[in-house]
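My structure is below; once you've seen it, I'll send some questions.
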Amino acid sequence: MKFQKKYVIAAALVLALGAAVYVNWQFTTNNNTSVKELGAASYVNATAAATADEAKQTAAQSKEQQSYFAAERTKRQSTQDKILDEAKEIFNLENADEADVSEAQKNVEKVLKSFTIQDSIESIIKAKGFSDCLCYISDEGVSVIVPESELNDNSVLVIDDAVVSHYDVAYENISIVGA
């Protein structure tokens with residue numbers, strides 16, 4: 001009796017396993033054609049030719065964006081240089097008070113820390129696939145400027161992650177602007 005009981009249990013398990021495989025196969029073959037998955041890739045074979053006007057317009061926008069980012073970097077660099085020059089003047093004064101020297105030293109340290117963090121954030125964002133980026137850190141939060149053509153829901157998440165990983169700021173204090 002024990003011998004037959006083992007065979008009956010083994011046969012029941014094999015049938016249950018077979019039924020589970022069949023049901024799984026039925027559900028997966030029906031869902032592949034009708035339901036799209038979030039993040040699933042789809043390949044499209046399309047040929048599209050841009051007209052000469054569209055190509056010129058895209059090139060002009062690209063040059064505008066490049067000049068905008070270059071001009072803003074120059075402004076930021078001149079402002080930072082001005083702060084450092086003022087601090088150097090205080091350091092070079094022979095009759096400067098200890099309080100003034102200490103305050104200038106704190107300002108220099110703050111500016112240098114801000115430079116470093118801004119550069120790190122910009123480098124990370126560019127490494128994530130953005131063509132250009134500017135980052136500004138202020139008392140209110142962090143502002144990031146990227147090309148408007150590259151902004152979408154995923155890019156906002158990437159930028160937020162890059163900022164939060166290098167600077168202690170809340171998500172609601174991060175401003176992302178398309179230029």
Side-chain angles (χ1 to χ4, degrees), residues 1-70 72-73 76 113-179:
M1 180 89 173
K2 287 186 180 183
F3 187 68
Q4 288 178 351
K5 194 175 186 180
K6 287 181 184 178
Y7 284 124
V8 170
I9 291 174
L13 289 174
V14 168
L15 285 174
L17 180 61
V21 169
Y22 176 76
V23 169
N24 187 26
W25 176 72
Q26 284 294 323
F27 282 127
T28 57
T29 56
N30 290 339
N31 287 342
N32 283 345
T33 58
S34 63
V35 177
K36 292 184 180 182
E37 292 182 34
L38 181 63
S42 62
Y43 297 100
V44 178
N45 185 10
T47 56
T51 64
D53 291 335
E54 290 173 343
K56 287 178 185 177
Q57 184 180 9
T58 303
Q61 287 176 348
S62 176
K63 287 180 183 178
E64 273 183 29
Q65 286 178 348
Q66 288 175 355
S67 65
Y68 170 78
F69 283 105
E72 288 300 314
R73 276 197 183 83
R76 181 175 69 182
K113 183 179 178 183
S114 177
F115 291 169
T116 305
I117 294 170
Q118 287 174 170
D119 286 341
S120 296
I121 291 171
E122 288 174 4
S123 296
I124 294 295
I125 291 172
K126 286 179 186 177
K128 297 284 185 176
F130 289 89
S131 61
D132 213 341
C133 172
L134 284 171
C135 178
Y136 295 99
I137 296 175
S138 67
D139 294 336
E140 290 82 32
V142 177
S143 297
V144 178
I145 303 170
V146 295
E148 189 168 357
S149 61
E150 298 177 14
L151 275 178
N152 59 38
D153 291 339
N154 288 336
S155 63
V156 170
L157 295 173
V158 168
I159 293 169
D160 282 345
D161 183 55
V163 171
V164 170
S165 67
H166 283 81
Y167 189 67
D168 186 25
V169 64
Y171 285 109
E172 57 267 5
N173 294 334
I174 299 172
S175 172
I176 301 171
V177 180

Query - Contacts of type side-chain contact (heavy atoms from CB on, under 4.5 Å), residue D168, not counting sequence neighbours - result: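 Residues passing side-chain contact (heavy atoms from CB on, under 4.5 Å) with D168: none at all.
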Query raised in the report: Quick one: CD1 on I121 to OG1 on T116, what's the gap to the nearest 0.5 Å?
Result: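 The CD1 atom of I121 sits 11.0 Å away from the OG1 atom of T116.
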Report task. For L157 and D161, run side chain to side chain contact (heavy atoms under 4.5 Å, CB included): C-alpha distance rounded to whole Å, both residues' side-chain angles, the deciding distance at 0.1 Å, then the answer. Result -> CA-CA 6 Å; L157 295 173; D161 183 55; over 6 Å; no
Query raised in the report: Considering all heavy atoms of both residues, which atom of A162 and which atom of I124 are nearest to each other, and what is their separation?
Result: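 Distance-wise, the nearest heavy atoms are CB-CG2, 3.5 Å.
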Requested in this report: List in chain and number order the residues that pass side-chain contact (heavy atoms from CB on, under 4.5 Å) with K113, two or more places apart in sequence or in another chain; answer none if no residue qualifies.
Outcome: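 Residues passing side-chain contact (heavy atoms from CB on, under 4.5 Å) with K113: I117.
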Query raised in the report: Listed by chain and number, what are the side-chain contact (heavy atoms from CB on, under 4.5 Å) partners of I9, not counting sequence neighbours?
Result: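 Checked I9 against side-chain contact (heavy atoms from CB on, under 4.5 Å); matches are K5, L13.
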Report task. Applying side chain to side chain donor-acceptor pair (under 3.5 Å), name anything that partners N152, two or more places apart in sequence or on another chain. Result ->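 Partners of N152 by the side chain to side chain donor-acceptor pair (under 3.5 Å) criterion, ordered by chain and then number, come out as S155.
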Report task. Begin from the C-alpha positions of I125 and E122 and carry the test side chain to side chain contact (heavy atoms under 4.5 Å, CB included) through to its verdict. Result -> CA-CA 5 Å; I125 291 172; E122 288 174 4; 5.9 Å; no
Requested in this report: Please name all residues satisfying salt bridge (charged side-chain N to carboxylate O under 4.0 Å, His left out) with K128, sequence neighbours left out, ordered by chain then number.
Outcome: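 Listed in chain order: nothing, the list is empty.
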Query raised in the report: How close do Y136 and E72 get, heavy atom to heavy atom, and via which atoms?
Result: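 Heavy-atom minimum between the residues: OH-OE1, 3.2 Å.
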Requested in this report: Heavy atoms only: give me the nearest V169-G141 pair and the separation to one decimal.
Outcome: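 Residues V169 and G141, closest heavy atoms: CG2-CA, 4.3 Å.
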Report task. Can you measure from OH (Y167) to CD1 (I137) and round to the nearest 0.5 angstrom? Result ->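 The distance works out to 5.5 Å.
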Side-chain donor-acceptor pairs of residues 172-179 under 3.5 Å, sequence neighbours excluded:
none

